[in-house]
Amino acid sequence: MPAQEAEAACAMLPVTVRTFGSDEAKAAADLLIATRQAGLSLGDRACLGLAASEQALAVTADRSWATLDLGVEVLVIRS
């Protein structure tokens, strides 16, 4: 998909795009030890860190997120 089409498609979604700055990087890094056994990536930890800071729901297809006790509500969309 060309970039312009992708941007137009994303603009129609009811989501907020956030930057990934030093605060977000620290939140993701702080989750490294707590999520190591689940093998989460930096992107996974970034999502969970943002959900924690915003007190928001984290949505994933990765069932391992639901096994973690991080104080973040997780919705697994695939069984």
Side-chain angles (χ1 to χ4, degrees):
M1 173 181 294
Q4 283 184 316
E5 285 182 45
E7 289 173 6
C10 289
M12 294 187 307
L13 297 173
V15 298
T16 302
V17 176
R18 294 273 312 265
T19 59
F20 189 80
S22 59
D23 290 341
E24 292 78 17
K26 183 179 180 326
D30 287 345
L31 292 173
L32 180 61
I33 293 172
T35 63
R36 181 169 282 151
Q37 78 279 5
L40 270 57
S41 69
L42 173 60
D44 294 338
R45 290 183 280 116
C47 180
L48 287 164
L50 178 61
S53 69
E54 296 287 320
Q55 298 178 351
L57 176 67
V59 181
T60 184
D62 187 340
R63 289 184 287 269
S64 69
W65 289 23
T67 67
L68 301 169
D69 184 17
L70 303 172
V72 176
E73 186 179 0
V74 174
L75 172 64
V76 180
I77 59 171
R78 186 177 2 165
S79 55

Acceptor/donor pairs from residues 10-22 side chains to any protein atom, 3.5 angstrom cut, sequence neighbours excluded:
| unit_1 | atom_1 | unit_2 | atom_2 | d |
| --- | --- | --- | --- | --- |
| Arg18 | NH1 | Glu54 | OE2 | 2.6 |
| Arg18 | NH2 | Glu24 | OE2 | 3.1 |

Residues 44-52 side chain polar contacts: donor-acceptor under 3.5 Å, at least two apart:
| unit_1 | atom_1 | unit_2 | atom_2 | d |
| --- | --- | --- | --- | --- |
| Asp44 | OD2 | Ser41 | N | 3.0 |
| Asp44 | OD2 | Ser41 | OG | 3.3 |
| Arg45 | NH1 | Ala28 | O | 3.0 |

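With sequence neighbours excluded, the residues satisfying side-chain contact (heavy atoms from CB on, under 4.5 Å) with Glu5 are Met1, Pro2. Residues passing the side-chain contact (heavy atoms from CB on, under 4.5 Å) test with Ala66 are Val76, sequence neighbours excluded. With sequence neighbours excluded, the residues that form a side-chain contact (heavy atoms from CB on, under 4.5 Å) with Val59 are Leu57, Leu75, Ile77. In this view, Asp30 and Lys26 satisfy the salt bridge (Lys or Arg N to Asp or Glu O under 4.0 Å) rule, not counting sequence neighbours. With sequence neighbours left out, Ser53 forms a side-chain hydrogen bond (donor to acceptor under 3.5 Å, both in side chains) with no residue at all.
Screening residues 70-79 for salt bridge (charged side-chain N to carboxylate O under 4.0 Å, His left out) gives no qualifying pairs among residues at least two apart or on separate chains. Screening residues 56-66 for salt bridge (charged side-chain N to carboxylate O under 4.0 Å, His left out) gives no qualifying pairs among residues at least two apart or on separate chains.
In this structure, Gln37 places its CD atom where more than 12 heavy-atom neighbours from other residues, nucleotides or ligands lie under 6.0 Å away.
Taking Ile, Leu, Val, Met, Phe, Trp and Tyr as hydrophobic and joining them when side-chain heavy atoms fall under 4.5 Å apart, one finds Ile33 isolated, its cluster having no other members. Counting Ile, Leu, Val, Met, Phe, Trp and Tyr side chains that sit under 4.5 Å apart, directly or through other members, Leu32 stands alone, with no cluster partners.
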- Item | Chi angles and distances behind the side-chain contact (heavy atoms from CB on, under 4.5 Å) call for Leu68, Leu40 | CA-CA 11 Å; Leu68 301 169; Leu40 270 57; 3.8 Å; yes

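Across all their heavy atoms, Leu70 and Ala34 have their closest contact at CD2-CB, 3.7 Å.
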